[in-house]
Amino acid sequence: MILEIVSPEAKLFSGEVTSVSLPGVNGSFQILNHHAPIVSILEEGTVKIAAPSFNFSKEAADKFTRVNDQTYTLEIKSGTIEMKNNKIIVLVD
């Protein structure tokens, strides 16, 4: 599935991922391949991204924390997520 993470300043990430864990207002949740369509509000917390490989822009690389070769995290203050047709768009602050 495709993940795009966008902040007011720039596109932070765009690429193929295997899973994404997000801090929803009613608790954390995970999205896997072919998840049902969803729109949700996010609260302050950690977005965890699992993917076979990562390519970050120079501006965005310092915002992510490496867990291992296939997992990175991103701290957010708030946001919104939409999953539709196996594409996830995350708008973050």
Side-chain angles (χ1 to χ4, degrees):
M1 68 189 151
I2 302 298
L3 170 66
E4 286 188 6
I5 301 177
V6 181
S7 75
E9 296 83 30
K11 184 183 286 189
L12 302 179
F13 177 82
S14 181
E16 184 82 21
V17 299
T18 54
S19 72
V20 181
S21 297
L22 302 143
V25 293
N26 293 323
S28 294
F29 62 97
Q30 183 178 41
I31 296 178
L32 300 171
N33 203 18
H34 300 294
H35 192 283
I38 183 174
V39 174
S40 182
I41 297 171
L42 305 175
E43 65 180 14
E44 186 171 351
T46 303
V47 175
K48 185 176 178 182
I49 307 159
S53 64
F54 289 88
N55 292 313
F56 300 111
S57 66
K58 289 181 180 180
E59 302 83 28
D62 63 336
K63 298 182 185 301
F64 291 86
T65 303
R66 182 179 182 268
V67 176
N68 59 44
D69 286 343
Q70 296 187 342
T71 308
Y72 277 79
T73 60
L74 171 68
E75 297 299 319
I76 64 168
K77 296 195 186 300
S78 65
T80 305
I81 183 264
E82 177 186 27
M83 165 69 164
K84 182 178 175 185
N85 298 326
N86 226 29
K87 182 175 182 179
I88 305 164
I89 299 173
V90 182
L91 306 176
V92 299
D93 283 335

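Values reported hereafter were calculated over all heavy atoms of this structure, with side chains retained and with hydrogens, waters and symmetry mates removed. What you see is a predicted model; the values in this text were computed from it and never measured.
- When all heavy atoms of F64 and I49 are compared, the pair lying nearest together is CE2-CD1, 3.8 Å.
- Taking the six-membered ring wherever Trp is involved, the centroid distance between the rings of F56 and Y72 falls below 6.0 Å.
- Scanning all heavy atoms of the two residues, the minimum distance from M1 to E16 falls at N-OE2, 2.9 Å.
- Taking each heavy atom of K87 and E4 in turn, the nearest pair found is NZ-OE2, 3.5 Å.
- Within a 6.0 Å radius of CG in N26, other residues, nucleotides and ligands contribute 12 heavy atoms or fewer.
- T18 places a side-chain N or O within donor-acceptor distance of the main-chain N or O of A50, the cut-off being under 3.5 Å.
- Here OG of S19 is found 7.5 Å from NZ of K48. Values are rounded to the nearest 0.5 Å.
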- Show your working on side chain to side chain contact (heavy atoms under 4.5 Å, CB included) between I31 and I81 and close with a plain yes or no. CA-CA 11 Å; I31 296 178; I81 183 264; 3.4 Å; yes
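- Rounded to the nearest 0.5 angstrom, L12 CG and L74 CG are separated by 6.5 Å.
- Nearest heavy atoms, S28 versus P23: OG-CA, 4.0 Å.
- Residues F54 and V20 share a hydrophobic cluster, clusters being chains of Ile/Leu/Val/Met/Phe/Trp/Tyr side chains in contact below 4.5 Å.
- One finds the CD atom of E9 at 8.0 Å from the CG atom of D93 (value rounded to the nearest 0.5 Å).
- Rounding to the nearest 0.5 Å places CD1 of I89 at 11.5 Å from OG1 of T80.
- Rounding to the nearest 0.5 Å gives a distance of 11.5 Å between CZ of R66 and OG1 of T73.
- Here CG of L3 is found 11.5 Å from CG of N86. Values are rounded to the nearest 0.5 Å.
- Across all their heavy atoms, I38 and F29 have their closest contact at CD1-CE1, 4.2 Å.
- Within 6.0 Å of CG on N33 lie more than 12 heavy atoms contributed by other residues, nucleotides or ligands.
- Scanning all heavy atoms of the two residues, the minimum distance from V39 to E82 falls at CG2-CG, 4.0 Å.
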